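Below is one structure, written out as structure tokens, with a few remarks after it.
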Amino acid sequence: MRILSEQELLRRKALEELKTMGINAYPSATFPVDTYSIDIHDRYAAFEGKEVTLAGRLMGKRIMGSASFAELQDAKGRIQVYLRRDDVCPGEDKAFYNVFFKKLLDIGDHIGVVGVVFKTQLGEISVHVSKLVLLAKSVKPLPVAKEVEKEDGTKEVYDAFTDAEQRYRQRYVDLIVNPQVRETFRKRTLLVQAMRDFLNKRGYLEVETPILQPLYGGAAARPFKTHHNTLDMTLYLRIANELYLKRLIVGGFDAVYEFSKDFRNEGMSRFHNPEFTQMELYVAYKDYAWMMDLVEEMVETVALALHGKTQVQVGNHVIDFKRPWKRISMYGAIEEAAGQPVAHLDEQGLREVCAAKNVEVDDTFGRAKLIDALFGELVEPHLIQPTFITDYPVEMSPLAKRKADQPELVERFEAICNGKEICNAFSELNDPMDQRARFEEQLELGRRGDVEAMVLDEDFLRAIEYGMPPTAGLGIGIDRLAMIMTNQPSIQEVLFFPQMRPEALETASVGVDYAAVGVPDAWLGVLSTMPYTSIEEFKGANPNRIFNDLGGLRKKHKIEAPVPTVEQIKSWQAAA
RNA sequence: GAACUCUUAGCUCAGUCGGUAGAGCACAACACUUUUAAUGUUGGGGUCCUGGGUUCGAGCCCCAGAGGGUUCACCA
């Protein structure tokens, strides 16, 4: 275990003092909250002079003799509370104010207050407290950020808790002290709700399909693999749910959707987390052109729900989601960027264009990959405003239907926004013969070493052999959309708990019973703060080092007892 | 996986030429009955990420490692 900091020791001591005062630091009774801080701010006139009951975290204390101000932070905001000694201690005994409030109550503690709403001389809306109770003690100091309101009404934050590693590892702290982080996650939830409402209003059915799948499919990605003991079989965490939702379309539902956590065992970056969220939607009797209209309308609705307008500030750009969005074919977009026609070019011709435009390619690239490289390099990063790119080469899209007049292309589109794909959709391939042939091509890619090639799913093929109606399908990346809609540069900012390498957490020295080896009581406390997690570790430690450390800890913790001799320490180690 | 970069008090950060560490907030003590980053005075608080090396001497220089960030690779 880590040696406790000065402030942590003080708070533990405060716990003891609370006990001697007869105050339970962790009471179990409910506390009858009837008001949020934001309600009082929003409707001051209605609350003025009324008694309210609030609960929240103490986030600041300003003590001025026998009167004090404090900041109370609840789930919806903050409000100042005003406390007078003689209000909370009407009798002779002033300990509640002088000791409990002034000394034992710390920033971070959960408290409940009852008081009357009023405005201070300086106009700050406050609660004049008549009763204050401790609801839960905090024994670990919070990072303290100071916020000052400037004359123009804008707020400036000093010493904010900003270290990315700590913010992600201890998101709970991030959420306590950074209100804009709470707001980002609230917006993410609103986004999902807006989409769900939009789809439900159209009568689409929200469904759930397996996360553990015997075969993974529906996307090109490497899966996470696991094992089921009872069935003694390999299972994969889904990389997509496409093939299951299409089975439901075969089954007769004409519109199904699912918000799904998907898992891909691939690189991590500011745009990639191993688990992420997609919304997939399948609608029978529709095609990709119809789906473009739906996507435009849905995303526009989301923007309005979150911002009240269609324009959204994203980095240095203002992105406008107002319908209609630009639509351009993949070839058209490349031709626009390259300044020359490419649709008719063969592999060699495309290579020359890549060379002329300094697009890096590989000898193994076929025609489709060359197109993809040109698009990824010349077009995609420059598409800031939402744009539909349509008609992809068939090789890149094994689950999409061919265009009737151009069978080397498929009826597919992606929406690109802020230089990144936010959704992918197509007219679903429902020709079981063609689907089997496409799977065979994927198998061949797999045999040639493509680790992301799709596997053949016989049951899925059997399903569409029964006949799948013409269907439009959509996958929309919720994390990426949330990043754009909340103006966040990294996926970690829109995931509560982004994936991290394990933290080297210092563990308690539970393995060593120091009392049993003859350590006197006075030294048990500090020894247990030393970093030995096992008897072996303690026995193997340098006794001189322990001697020195105990000397230091003695001073630090003001221990009266004499420092044990090195000989004594050796005897403890021998007894261990 | 690669390159670059960061890691110093609870938080945000300084740290000069290599001479065993500083500030603000937070914390402790005292004063203070409407404050607004409350204020004033005083004080305590450090595994300088870890492990090696160079050196009389390392927060600083060198090597290795851990973790974070960014970019790239990968990635619908």
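Quick caveat: nothing in here was measured; it's all calculated off a predicted structure.
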Rounded to whole angstrom, note down the [atom1] distance from [N] over to [M].
N: B:U47; M: B:U7; atom1: C1'; value: 14 Å
N: B:U20; M: B:U8; atom1: C1'; value: 13 Å
N: B:G10; M: B:G46; atom1: C1'; value: 12 Å
N: B:A66; M: B:U50; atom1: P; value: 15 Å
N: B:G45; M: B:A2; atom1: P; value: 43 Å
N: B:G44; M: B:A29; atom1: C1'; value: 10 Å
N: B:C63; M: B:C4; atom1: P; value: 11 Å
N: B:G19; M: B:G24; atom1: P; value: 23 Å

Give one of base, sugar-phosphate or nothing for [X], where a contact means two heavy atoms less than 4.0 Å apart.
X: A:Met59; value: nothing
X: A:Tyr168; value: sugar-phosphate
X: A:Pro398; value: base
X: A:Ala240; value: nothing
X: A:Phe413; value: nothing
X: A:Gln166; value: sugar-phosphate
X: A:Leu122; value: base
X: A:Phe69; value: base
X: A:Asp163; value: sugar-phosphate

Choosing from [options], which nucleotide comes nearest the side chain of [X]?
X: A:Ile63; options: B:U12, B:C32, B:U34; value: B:C32
X: A:Met454; options: B:A38, B:G69, B:A76; value: B:A76
X: A:Ile107; options: B:U33, B:C27, B:U70; value: B:C27
X: A:Arg169; options: B:G67, B:U34, B:U70; value: B:G67
X: A:Leu10; options: B:A28, B:G67, B:U35; value: B:A28

If I take atom [atom1] in residue [X] and atom [atom2] in nucleotide [N], what distance separates them, rounded to the nearest angstrom?
X: A:Lys140; N: B:C27; atom1: NZ; atom2: P; value: 16 Å
X: A:Lys61; N: B:A29; atom1: NZ; atom2: P; value: 10 Å
X: A:Met268; N: B:A73; atom1: CE; atom2: P; value: 18 Å
X: A:Ile491; N: B:A76; atom1: CD1; atom2: C1'; value: 14 Å
X: A:Arg11; N: B:A28; atom1: CZ; atom2: P; value: 8 Å
X: A:Glu6; N: B:A26; atom1: CD; atom2: P; value: 14 Å
X: A:Leu142; N: B:C25; atom1: CG; atom2: P; value: 18 Å

Kindly say if [X] contacts the phosphate of [N], meaning a side-chain N or O under 4.0 Å from OP1 or OP2.
X: A:Gln492; N: B:G69; value: yes
X: A:Arg62; N: B:U39; value: no
X: A:Arg84; N: B:U33; value: no
X: A:Arg85; N: B:U33; value: no
X: A:Gln7; N: B:G45; value: no

Problem set entry | Smallest separation among heavy atoms of A:Ala67 and A:Arg84, with atom names |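 Taking A:Ala67 first and A:Arg84 second, the nearest heavy atoms are CB-CG, 4.1 Å.
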
For this session: Identify the heavy atoms of A:Lys61 and A:Leu105 that sit nearest to each other, and give their distance.
Result: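 That would be NZ-O, 2.6 Å.
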
Does any N or O donor sit under 3.5 Å from an N or O acceptor when you compare the side chain of [X] with the base of [N]?
X: A:Thr162; N: B:U12; value: no
X: A:Gln121; N: B:U35; value: no
X: A:Glu165; N: B:G67; value: no

For this session: Tell me, please, whether A:Tyr288 has A:Lys403 positioned over its six-membered ring: NZ or CZ under 6.0 Å from the ring centre and within 45 degrees of its axis?
Result: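 Negative - A:Lys403 is either too far from the ring of A:Tyr288 or too far off its axis.
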
Exercise. Does a donor on one side chain and an acceptor on the other come within less than 3.5 Å for A:Arg238 and A:Gln278?
Worked result: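 Short answer, no.
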
Exercise. Can you tell me if A:Asp74 and A:Ser37 form a side-chain donor-acceptor pair at under 3.5 Å?
Worked result: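 The criterion, which ignores hydrogens and geometry beyond distance, is satisfied for A:Ser37 and A:Asp74.
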
Problem set entry | First encountered from the 5' end of RNA chain B, between A:Pro143 and A:Lys103 |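 That would be A:Pro143.
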
Exercise. Which nucleotide, in any strand shown, forms a Watson-Crick or G-U wobble pair with B:C61, with both distances under 3.5 Å?
Worked result: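 Check on B:C61: paired to B:G53, both distances under 3.5 Å.
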
Exercise. What about the rings of A:Tyr392 and A:Phe426, do their centers lie closer together than 6.0 Å?
Worked result: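 A:Tyr392 vs A:Phe426: aromatic centres not under 6.0 Å.
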
Exercise. At what distance, to the nearest 0.5 angstrom, does CZ of A:Arg169 lie from CG of A:Asp163?
Worked result: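 Atom-to-atom, A:Arg169:CZ and A:Asp163:CG are 10.0 Å apart.
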
For this session: Report the distance from atom CG of A:Leu104 to atom CG of A:Leu10, rounding to the nearest 0.5 Å.
Result: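 The distance works out to 10.5 Å.
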
